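Keep in mind that this is a model prediction, so the values were computed, not measured. Quick note on labels: first sequence line is chain A, next is B, and so on, each numbered from 1.
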Amino acid sequence: MSFQVLANRQFASPSAAASATVAATGVAWTNTAWVQIAPTTDVVWILTSVIVWVNIGVSTAIDFEVDIGTGGIGSEVVLTTVRGRHSTAGVSMYQQPIRLPIPIDNLNGRHSFRLRTSSTRTDTWNCAITYIKNPVSGTLLVTRSPTLVAPAAAAPVTLTAGSTWLSGTWVQLLASASADLVLIGAVLSLSANSQAEVDIGIGAASSEVAITTFRYGTQTTQVSPSFFELPNPLDAIPSGSRVAARMRCSSSGATSTAAIVYHAKPL
Amino acid sequence: MSVLTTKALLTAPSAATGLTLANSGTNWVYGPWTQFIAVPSSVVQIAGFTVHPGSWSGLSMDIDIGIGLAGIEASLGSPMRVELSNSGGRGMETYMLPVPIGGLIAAGAAVSLRQRCNSASATPGVALLYYYGLDSDHQIPYVTGAHPVAAAPATVASSGVAWTNGSWGVLIASLTNNAYIYGLGILPASLTGVDLEFDIGTGGAGSETVVTTLRGGYGDSATARMEYLHLPAPLLVVAGTRVSCRCRQSSATANNHGVALIYYDAPAPVTPPPPATDYPCGLTTPVFWGALSVAGSVVQFAKQPLRDPSTYYGGYKAPRLLHMSRINRVASDWLTGAWSAQTASMTLADSDHYFRTFPRPSLLNSTAYFYLESETTRLAQGNPALLFHGPIYDDPLTEHLTYTVQANDYVSVDYNLFKDDKLIPQRTIDDDFPNRPNASNGLGVPIIGGTVSETGGGVRVIDVGNLVIGGVAYAIGLIAGHACAGGVTSLYQGGALLTAYGTDVWAPGHANWTDIQPSGALYFDINGHRYTIVAFKNTVATNFQNGSQPVYANVSGMEPNADGTGAVITDLLVLYKYLMVQWLTQSYASGAWLAGLTFPFYPGTLGTTAPIVDETSFTTASATASTYLGGGFLGAFVIGANGVRKSVREVLRDCNVSCNVLMGLNAQSQIFVKMFDRTRATFIGSTRTLSWRRDILKNPPFALSRNPAWFANDLGYQYAANYRNDGTGDWNGSNSQGHAPSKVKYGVVTARRFYPLIRDASTADAVAGAQLNFAGPDPLRIVKWTMSLCGMAFDLLSGVPITHYGGTGANGWTANAVWITSQELDPSNGTVSLTGIDVEALLS
């Protein structure tokens with residue numbers, strides 16, 4: 001048995017400076033321009049987490065996606081994509097980074113981010129990253145396969161629970177996996193002050209089989225980024241699989257939004 | 001395996017409201033246990049928990065894990081620390097450990113939780129997150145911890161100047177054990193719209209060094225439920241280190257943040273306590289007792305009720321022990337190197353159907369412990385001697401309402417005449433290489449020791465199909481399942497040296513390797529598995545993959561750093577140690593070499609553990625080897641060449657014969673090796689002479705016999721195995737030696753030996769010479785004798801002088817040297833039977 005260990009120091013970018021900021025476009029799911037986080041890297045970096053926050057209260061939840069890219073101005077290449085949800089009560093908490101259980105290699109030179117949200121608001125959003133420097137000193141698995149999200153650049157699916165602690169119906173997240181997929185987490189947001197479980201399943205409609213379960217809850221309001229990371233990424237979605245989700249809850253008929261974050265193999 | 005899993009994350013309770021963890025009514029005192037998993041269907045690994053609901057403000061809470069049956073839970077001592085700002089606030093209620101806790105919860109162990117916190121009334125509702133049979137290497141065999149311990153988090157203050165470091169706040173003045181730090185628990189100050197960075201530092205006051213940095217940000221208030229920052233992977237900080245934390249933030253305000261260090265606690269193996277001084281020769285009232293570690297609980301027995309205090313080895317031992325079997329330690333066979341299974345058993349009274357109604361239908365793979373001490377020692381609460389321990393291999397419900405448990409040693413537990421043995425290499429070619437050809441599917445991933453080099457290449461490279469790396473498809477050749485010293489020395493195809501590095505060929509240690517491995521690392525990690533691979537394109541690739549022109553490599557294998565940067569290990573005994581620790585008792589995957597497995601001296605909470613493999617014995621044997629050959633024995637081999645796997649016992653046999661050692665279990669139940677040391681002073685040391693008057697029992701009688709099977713005075717031997725699979729024979733080296741005086745005395749008696757771990761003639765000649773001079777001059781005499789319990793003082797494979805009238809010569813033996821090769825304790829009558837080889841004539 002050999003768990004992952006890492007001797008490398010983790011750093012932040014920007015370092016000892018305010019996050020990079022960008023105003024949302026005001027058009028749902030439309031990318032902002034790329035905004036530089038830092039102009040250079042000393043060596044090739046490995047992205048370990050993305051910290052996204054906005055200092056507003058809203059009446060309608062905002063789903064967001066952030067691309068992290070590398071490259072010169074006008075030639076940025078997307079390295080990876082993360083996703084979160086900003087609750088209706090506003091961002092009222094200390095922000096948990098969106099941690100990547102399989103960090104992304106090849107953050108090389110100028111790096112930037114861009115944002116798209118489900119909202120038509122034009123608030124200013126903040127973004128920073130954490131990273132380690134190549135080479136890895138330890139056993140950390142890294143990849144150049146970006147994280148992907150589903151639904152992509154679109155509203156999350158809405159799951160509805162059955163009666164108390166009875167599962168609702170399955171709702172499709174992906175019609176057909178383009179490759180073998182490795183699930184790293186899910187973005188889940190519950191409508192009620194409740195406890196809930198969300199099954200992720202694969203299989204054709206009406207014959208889905210649960211492959212893992214997320215459990216979460218909301219006391220008053222669950223807030224950004226609402227990202228639930230698996231400690232061990234799940235390698236159980238074969239290419240071509242239909243991926244779906246369902247929920248059950250301590251509150252009968254409660255709803256939850258759901259999106260998933262994953263890698264396509266090979267890693 | 002790797003960080004990935006195919007197993008589902010599970011919750012308990014499932015599809016039900018979380019269970020309330022009661023409060024003790026006193027701050028930072030654990031409340032009672034609440035059971036979450038009563039009858040697990042597989043081995044449990046702890047992944048985290050959810051907290052909902054509850055009422056609190058600024059709550060710091062430890063959730064502890066207990067295992068065992070309800071009412072007799074044993075704490076893992078694993079407080080999982082969470083900081084919960086405000087129960088009325090917003091935020092995450094799910095806390096996921098970055099590495100699941102695995103390997104600490106026995107199969108079938110029930111799991112409970114309890115909590116302590118800085119409130120005398122908080123009662124959180126909790127659901128446990130866990131895996132069953134997690135098929136991933138990414139699980140940790142250590143408990144969690146937090147500093148400060150059972151106290152509110154430490155204060156870390158910002159400076160009041162934007163992005164200027166505050167002063168260091170001490171989290172722990174000196175770590176008791178090695179710690180794998182995985183992050184910080186944080187109770188933040190109430191801030192809005194602020195970026196924040198925390199440095200973790202090590203070192204003395206005023207000379208702290210930053211070892212890592214974490215970053216987060218604030219929204220419009222800090223009223224969250226669960227606050228933490230996790231690192232990408234645990235960071236090892238060694239015992240004795242002072243750990244502190246400082247912060248800087250975007251706002252020019254002076255704030256106090258509550259910070260706790262969260263980590264996995266990795267205590268160093270502790271040498272088991274030595275037995276009391278009256279063991280074994282002063283034992284006049286022997287007390288045998290046994291313990292079973294079952295589902296995290298300990299149940300223990302003796303022949304009569306032992307009403308020990310609860311602080312003394314688990315307290316009461318029930319009177320169920322009807323019979324403890326003979327406890328037998330036998331060395332590997334000198335001729336073949338084969339090592340038989342070491343076993344022991346206990347028969348327990350079950351007239352009250354205690355085991356027949358036990359919550360577990362079988363105790364298979366639980367662990368059994370066999371102890372011996374004197375009544376005097378027990379009453380004085382001294383330390384018993386651990387006679388044997390091991391996994392339970394069989395546990396029949398035996399006749400007359402009895403129940404029997406049989407334990408095997410750690411190698412033998414996987415061995416059964418009627419099923420597959422563990423095969424080495426354990427790792428096979430599978431999904432790490434998704435485009436592997438059918439012919440390579442399931443082949444073993446080779447393990448290389450020493451330098452394997454032949455004209456035209458000594459190791460045949462295995463075709464594992466194409467991989468797309470950096471957007472380019474390469475034909476990949478597999479050389480080893482670990483990093484190799486310096487990468488790959490050279491490659492040949494069709495007898496020609498390949499030189500077109502960067503166009504046709506890529507190999508670690510050669511030009512343009514960074515096309516394949518941008519970091520320049522000499523290895524390639526795939527799904528958490530480390531490999532030495534080479535890559536081909538163009539005609540080289542075509543001919544390699546169609547089999548028309550195989551590729552052969554010269555390569556140096558394992559080195560101490562596990563990343564290819566160290567010097568190749570050539571010492572044969574050191575290589576055997578690596579095989580034993582990394583590949584036979586465990587299965588190395590990637591990263592640093594594995595620490596050796598350990599076992600607890602007692603299955604309770606005494607915390608004393610010992611390595612399963614006595615690594616020092618290999619060092620000693622290496623030193624002895626230098627008395628046979630200047631510079632010692634050199635090793636070089638490929639295990640799993642061409643993908644061929646062998647049973648673990650075959651590999652042990654090959655190692656023992658090639659290394660000229662015997663192996664066994666020592667008095668501490670550790671696997672060890674011993675090479676015959678021809679210097680009398682070293683061989684005997686200070687061991688006192690056994691005499692027929694004082695030590696050796698009349699019955700069973702002292703007996704001498706010969707072992708003709710070991711005798712040979714004309715020894716042919718082969719070495720330097722051919723790993724090319726080219727039809728030119730299995731061996732590249734051979735020689736023979738004879739013992740002339742013996743041939744005159746007994747005629748020519750021929751035997752043949754094989755040394756799969758040796759490639760050089762000098763070592764092969766030295767090993768063969770050692771074996772010829774051991775059993776070649778005369779047929780060896782085997783001596784058997786019996787002693788009282790005092791015989792336990794003479795360990796397996798130790799040397800002992802014996803004086804006995806029944807020995808050879810006109811007056812019998814006087815301090816005649818004997819090498820002990822088996823030791824058998826019979827608890828029914830308190831005798832110890834010993835077997836040894838008469839080596840007097842071989843010493844100088």
Flag the one option from A:Ala7, A:Pro135, A:Ala16 with the top tally of heavy-atom pairs under 4.5 Å to chain B. A:Ala16
Within 45° of the ring axis of B:Tyr132 and under 6.0 Å from its six-membered ring centre, is that where the NZ or CZ of B:Lys7 lies? no
Let me know if A:Arg215 has heavy atoms under 4.5 Å from chain B in its side chain, its backbone, both or neither. both
From the list A:Trp53, A:Phe113, A:Trp125, ring pair (Phe, Tyr, Trp, His ring centres under 6.0 Å) with A:Phe64 holds only for A:Trp125
Taking A:Gln10's backbone N and O only, do any of them form a donor-acceptor pair with B:Thr212's side chain (distance below 3.5 Å, no angle check)? yes
Can you list the residues that meet the salt bridge (charged side-chain N to carboxylate O under 4.0 Å, His left out) rule with B:Arg530, with sequence neighbours excluded? B:Asp525
Heavy-atom distances under 4.5 Å only: say whether B:Phe433 touches chain A with side chain, backbone, both or neither. neither
Just checking, is any N or O donor in the side chain of A:Thr130 or B:Arg215 under 3.5 Å from an acceptor N or O on the other one? no
Toward chain A, the part of B:Thr11 with a non-hydrogen atom under 4.5 Å: side chain
Measure up the B:His482 and B:Trp593 rings against each other and bin them: parallel (under 30°), tilted (30 to 60°), perpendicular (over 60°). tilted
Most contact-rich option vs chain A, by heavy-atom pairs under 4.5 angstrom, among B:Asp431, B:Thr6, B:Val468, B:Thr164, is B:Thr6
Have B:Gln249 and B:Asp195 got a donor and an acceptor in their side chains that come within less than 3.5 Å? no
When the ring planes of B:His257 and B:Phe198 are compared, do they come out parallel, tilted or perpendicular, using 30° and 60° as the limits? perpendicular
For residues 260-267 of chain A against chain B, heavy atoms under 4.5 Å, the residues are A:Leu267
Considering only distance and modelled atom types, tabulate donor-acceptor pairs under 3.5 Å from the side chains of residues 100-108 of chain A, sequence neighbours left out.
residue	atom	partner	partner atom	Å
A:Asp105	OD1	A:Asn134	ND2	2.7
A:Asp105	OD2	A:Arg144	NE	3.4

With a 4.5 angstrom heavy-atom cut-off, could you sort out which part of B:Tyr182 is near chain A: side chain, backbone, both or neither? neither
Contacts of A:Phe214 that satisfy ring pair (Phe, Tyr, Trp, His ring centres under 6.0 Å) - sequence neighbours left out: none
B:Leu214 versus chain A, heavy atoms under 4.5 Å apart: side chain, backbone, both or neither? both
Look at B:Pro234, B:Pro232, B:Pro98, B:Ala562 and state which one has the largest set of heavy-atom pairs under 4.5 Å with chain A. B:Pro232
Which one wins on heavy-atom pair count under 4.5 Å against chain B: A:Ser19, A:Gly138, A:Ala17? A:Ala17
Best-contacting candidate, B:Ile200, B:Val237, B:Val210, against chain A by heavy atom pairs under 4.5 angstrom: B:Val210
Let's test your reading of the structure: which of B:Leu235, B:Leu97, B:Leu129, B:Leu236 forms the most heavy-atom pairs below 4.5 Å with chain A? B:Leu235
Non-hydrogen atoms of chain B under 4.5 Å away: do they reach the side chain of A:Ser49, the backbone, both or neither? neither
Please confirm whether B:Tyr263 and B:Tyr180 have ring centers closer than 6.0 angstrom. no
Using a 4.5 Å cut-off on heavy atoms from C-beta on, say whether the side chain of B:Thr50 contacts that of B:Val126. no
Can you say whether B:Ala15 sits under 4.5 Å from chain A via the side chain, the backbone, both, or neither, judging by heavy atoms? both
Side chain, backbone, both or neither: which part of B:Tyr264 has a heavy atom under 4.5 Å from chain A? neither
Over 60° means perpendicular and under 30° means parallel, so tell me whether B:His230 and B:Tyr228 are parallel, tilted or perpendicular. tilted
Residue among A:Ala236, A:Ser15, A:Ser250 with most heavy-atom pairs under 4.5 Å to chain B: A:Ser15
Check against salt bridge (Lys or Arg N to Asp or Glu O under 4.0 Å), B:Asp199 and B:Arg248: CA-CA 9 Å; B:Asp199 290 333; B:Arg248 51 190 170 269; 2.5 Å; yes
Identify which part of A:Val142 has an atom lying under 4.5 Å from any heavy atom of chain B, answering side chain, backbone, both or neither. neither
